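Notes follow once the structure below has been shown.
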Amino acid sequence: MNAETQVPTPCVKVCKLDPDTGYCLGCFRTREEVANWLTMTDDEKRAVWASFEARQEEMLRSLRGEA
């Protein structure tokens, strides 16, 4: 596998976990996803990327105090 086909990291170097959702405020990954990123398959990484929109919405609801 070469660098052109690898799934890029979503890290934006803002590493702080939201206490309510458990997602990083910068990249929306969980602590486990951050720790395991280098050993995940490309399909696993794509699944994480695919979850970001829903995670962003969940985090926004949490910040607004919505259930």
Side-chain angles (χ1 to χ4, degrees):
M1 179 178 297
N2 63 44
E4 291 180 49
T5 61
Q6 291 181 345
V7 178
T9 178
C11 182
V12 294
K13 305 207 184 322
V14 176
C15 303
K16 183 173 181 176
L17 292 180
D18 177 76
D20 294 323
T21 63
Y23 301 138
C24 174
L25 296 173
C27 69
F28 303 103
R29 292 181 292 174
T30 65
R31 180 185 312 263
E32 293 78 19
E33 290 166 344
V34 171
N36 296 323
W37 190 258
L38 293 177
T39 60
M40 290 173 132
T41 66
D42 281 350
D43 285 342
E44 291 170 327
K45 291 175 182 179
R46 285 186 196 96
V48 172
W49 273 98
S51 70
F52 289 160
E53 187 174 330
R55 290 179 181 192
Q56 287 173 321
E57 287 298 320
E58 182 180 347
M59 191 177 296
L60 288 172
R61 283 192 306 273
S62 173
L63 292 171
R64 292 188 300 246
E66 300 171 5

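These numbers come from a predicted model, not from an experiment.
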Transitively linked via ILVMFWY side-chain contacts under 4.5 Å: Phe52 with Met59?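 Hydrophobic grouping puts Phe52 with Met59.
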Leu25 with Val34, same ILVMFWY side-chain cluster at under 4.5 Å: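 As far as the 4.5 Å side-chain criterion goes, Val34 and Leu25 are not connected within one cluster.
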Enumerate, atom names and distances included, each donor-acceptor pair closer than 3.5 Å involving a side-chain atom of residues 12-21, sequence neighbours excluded.
| residue | atom | partner | partner atom | Å |
| --- | --- | --- | --- | --- |
| Asp18 | OD2 | Asp20 | N | 3.1 |
| Asp18 | OD2 | Thr21 | N | 2.7 |
| Asp18 | OD2 | Thr21 | OG1 | 2.9 |
| Asp20 | OD2 | Ser62 | OG | 3.2 |
| Thr21 | OG1 | Tyr23 | N | 3.2 |

Could you check whether any side-chain heavy atom of [X] comes within less than 4.5 Å of a side-chain heavy atom of [Y], counting everything from C-beta outward?
X	Y	result
Met40	Val48	yes
Gln6	Lys45	no
Arg29	Cys11	yes
Trp49	Pro10	yes

Which atom of Phe28 lies closest to which atom of Arg55, heavy atoms considered: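 Heavy atoms of Phe28 and Arg55 come nearest at O-NH1, 2.9 Å.
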Who pairs with Thr39 by side-chain contact (heavy atoms from CB on, under 4.5 Å), at least two apart in sequence or on another chain?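 Partners of Thr39 by the side-chain contact (heavy atoms from CB on, under 4.5 Å) criterion, ordered by chain and then number, come out as Asn36.
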